[in-house]
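Take a look at the structure set out below.
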Amino acid sequence: MAPGRGGNHPKAVSSSSPSNAVSRETTSAGRSNVIDAIDDSSPIARELAHETKRRERLMGRQLPRPEETRIFTVSNQKGGVGKTTTTVNIAAALAAAGLNVMVIDIDPQGNASTALGIEHHADVDSIYDVLINDVPLADVVAPCPDIGKLICAPATIHLAGAEIELVSLVAREQRLRRAIDVYAKTREKNGEERLDYVFIDCPPSLGLLTVNAFCAASEVLIPIQCEYYALEGLSQLLKNIEMIQKHLNADLVVSTILLTMYDGRTNLAAQVAAEVRQHFPDQVLSAVVPRSVRISEAPSYQQTVMTYDPSSSGALSYLEAAAEIAER
């Protein structure tokens, strides 16, 4: 045997020797003590230990099926607060848990369609054709390639002109709602399982597309960025929802508020979070989505963070948010 490799080395000790066993026990105990000490003194280790506990709480957790389909409009008039990111990741988390989920993308930018890996170029039948040309939703939806029970009705650039085209149509505010109702009956007729959740991703405005989403939904999910301007946008959004409730959809409720892009290093983020929780104690989820490079990177690979990096802190936060929504 070559010198310096294997058992001929003068310092090699049999793994079964008592002295080596004692050495391993001492080393193991030493490591344990070191980790305990780090947990008390190092912010990074404390964070890792906290994340591990959060993952353990989610492991093997069965999410309940709702008694009937829950339809959420994910909306905020302020752009860049994480509407699309929240829509696709919560939808992906619920679908991965075995629930039947559909995402309807009514933002002309089509970012939700991109994140779910759904084709949405100009030649594809899309939600535009459903709203304007009365094409059945069943002819438009496509399965998400990465997640089994998740389907998506994509958006195309044609939606950019839909606001103007909807103005002259009959029952213009109710067209999406009727399309969803017909689709539910079609699934039942075909012997398919009913949908458990529908998430509608809205553009950052209150045009007829967003009004259609509010009329189709029973619940509103509002993502709020943990910055000062987010609070100003929220008050305006709530006024608009109140107007929808009064005139078009009395069943609509703001059921869920999710704090996004949370940066625990800043006092401002903590202050905004505290203020939102104070004003909406029943609506704000305990789960908070941090600023995360992984969440930002995922759409460039046409994926949600759930499949792009399921071990990341961003994926963990969205899993917690999805579980909280399902159990409410």
Side-chain angles (χ1 to χ4, degrees), residues 28 31-32 34-64 74 81-101 103 111-118 143-152 196-197 199 201 221 223-226 256 258-266 269-270 273 285-327:
S28 176
R31 278 185 192 147
S32 175
V34 168
I35 288 170
D36 289 343
I38 289 173
D39 281 348
D40 291 332
S41 60
S42 162
I44 293 175
R46 273 200 301 273
E47 182 64 27
L48 285 172
H50 180 55
E51 275 197 20
T52 302
K53 287 175 185 170
R54 287 162 62 196
R55 287 186 196 286
E56 285 172 356
R57 282 197 293 269
L58 288 171
M59 280 178 66
R61 198 158 161 185
Q62 291 287 329
L63 299 186
V74 185
V81 299
K83 287 188 299 295
T84 299
T85 302
T86 294
T87 301
V88 298
N89 284 299
I90 287 182
L94 290 167
L99 299 168
N100 297 305
V101 185
V103 170
N111 291 337
S113 308
T114 299
L116 295 175
I118 308 295
C144 174
D146 298 318
I147 300 164
K149 294 207 164 195
L150 181 57
I151 57 176
C152 175
D196 297 306
Y197 290 90
F199 291 92
D201 185 37
L221 191 166
I224 296 181
Q225 185 180 4
C226 293
T256 312
L258 177 64
L259 298 169
T260 62
M261 303 182 192
Y262 183 82
D263 188 345
R265 298 168 298 179
T266 66
L285 297 178
S286 300
V288 174
V289 180
R291 284 196 178 275
S292 166
V293 174
R294 290 311 210 188
I295 291 175
S296 303
E297 286 176 347
S300 64
Y301 294 88
Q302 296 195 339
Q303 293 184 53
T304 66
V305 76
M306 296 301 158
T307 53
Y308 176 67
D309 188 357
S311 64
S312 65
S313 61
L316 175 59
S317 296
Y318 275 118
L319 280 169
E320 289 177 328
E324 209 173 330
I325 288 170
E327 290 171 354

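Side chains are part of it too, since the values below use all heavy atoms of this structure and drop only hydrogens, waters and symmetry mates.
- Looking at E324, its side chain does come within 3.5 Å of a backbone N or O of S286 through a donor-acceptor pair.
- Contact annotation: the side chain of T86 never approaches that of V289 to less than 4.5 Å [non-hydrogen atoms, C-beta and beyond].
- If you run side chain to side chain contact (heavy atoms under 4.5 Å, CB included) between L94 and each of L319, V101, I147, only V101 comes through.
- Taking CZ of R265 as the start and CZ of R291 as the end, the distance is 9.0 Å to the nearest 0.5 Å.
- Without hydrogens or angle criteria, T260 side chain to V81 main chain gives a donor-acceptor distance under 3.5 Å.
- Pairing each heavy atom of S313 with each of P290, the nearest pair is OG-CG, 4.1 Å.
- With sequence neighbours left out, the side chain to side chain contact (heavy atoms under 4.5 Å, CB included) criterion links T114 to H120, Q302.
- Taking every heavy atom of both residues into account, M306 and A92 meet most closely at CG-CB, 3.9 Å.
- Under the side chain to side chain contact (heavy atoms under 4.5 Å, CB included) criterion, A269 pairs with C226, Y262, T266, not counting sequence neighbours.
- When all heavy atoms of A326 and P64 are compared, the closest pair comes out as O-CG, 3.5 Å.
- Atom NZ of K149 and atom SG of C144 lie 14.5 Å apart (nearest 0.5 Å).
- Note that CG of N100 and CG of L150 are 10.0 Å apart. Values are rounded to the nearest 0.5 Å.
- Scored by the side chain to side chain donor-acceptor pair (under 3.5 Å) test, T85 finds no partners at all (sequence neighbours excluded).
- A search for side chain to side chain contact (heavy atoms under 4.5 Å, CB included) contacts involving A321 returns I90, L258, L285, A287, not counting sequence neighbours.
- With sequence neighbours excluded, the residues satisfying ring pair (Phe, Tyr, Trp, His ring centres under 6.0 Å) with Y308 are Y301.
- One N or O on the side chain of N89 and one on the backbone of V305 form a donor-acceptor pair closer than 3.5 Å.
- Nearest heavy atoms, G314 versus I295: CA-CD1, 3.5 Å.
- Listed by first and then second residue, the salt bridge (charged side-chain N to carboxylate O under 4.0 Å, His left out) pairs involving residues 309-322 are R54-E320, R294-D309 (not counting sequence neighbours).
- The heavy-atom pair separating P145 from I118 by the smallest distance is CD-CD1, 4.3 Å.
- In this structure, T84 and A112 approach most closely via the heavy-atom pair CG2-N, 3.4 Å.
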